[in-house]
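Atom set for the values below is all heavy atoms of this structure, side chains included, hydrogens, waters and symmetry mates excluded. Here the structure is a predicted model, which means the values were calculated and not measured. Counting from 1, the numbers follow the sequence of the chain as shown.
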Amino acid sequence: MDAYVSAFFVGGALCLIGQLLLDLVKWSFVRVMSSFVVLGVIIETFGWYDDVQTWAGAGVRTTLVHLGHACAEGVRNEHFAAAVFFFSFPVFVAFLTALMFKPRGQK
């Protein structure tokens with residue numbers, strides 16, 4: 001039961017921080033997402049991610065912080081294919097989306 005509570009609070013805190021950055025600071029969605037990925041890289045760089053995940057469980061494992069951790073860990077362990085996939089797949093999906101749909105902006 002304790003794992004569920006800590007996952008709820010950590011995941012909720014990350015969501016709250018993201019929402020506050022969107023609403024109060026007026027950051028763009030992309031900036032908030034990128035910040036969470038960079039936070040994961042920083043936490044992994046200092047070697048704190050395993051401790052955070054042991055305590056928070058799914059509260060951190062299902063977020064963009066985990067994506068940053070996975071990229072940093074892949075580079076550190078010389079699994080460059082994993083890091084390249086994490087960065088190239090979203091770019092590929094965005095490119096296909098841009099080809100298939102018209103933007104609804106100013107004309």
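Note that the CG atom of L21 and the CG atom of L16 stand 9.5 Å from one another [nearest 0.5 Å].
With hydrophobic clusters built from ILVMFWY side chains whose heavy atoms lie under 4.5 angstrom apart, W27 does not share a cluster with V30. In the hydrophobic clustering of ILVMFWY residues, with side-chain heavy atoms under 4.5 Å counting as a link, F29 and V25 come out together. Transitive grouping of hydrophobic side chains (ILVMFWY, heavy atoms separated by less than 4.5 Å) keeps L14 and V41 in distinct clusters.
Nearest heavy-atom pair, A3 versus S6, reported as atom, atom and distance to 0.1 Å: O-OG, 3.2 Å. G18 and V32 get closest at one heavy-atom pair: CA-CG1, 3.9 Å. Of all heavy-atom pairs between E44 and E73, the closest is CG-N, 4.1 Å.
The aromatic rings of W48 and F46 sit parallel, their planes meeting at an angle under 30°, below the 60° perpendicular limit.
Contact annotation: the side chain of V60 approaches that of Y49 to within less than 4.5 Å [non-hydrogen atoms, C-beta and beyond]. In this structure, F36 and T63 have side chains that are not in contact, with every pair of non-hydrogen atoms separated by 4.5 Å or more.
Checking V38, D50, V65 one by one against I43, the side chain to side chain contact (heavy atoms under 4.5 Å, CB included) holds for a single residue, V65.
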>> Pair F92, L96 - check side chain to side chain contact (heavy atoms under 4.5 Å, CB included), show working.
In response: CA-CA 6 Å; F92 177 71; L96 287 180; 3.4 Å; yes
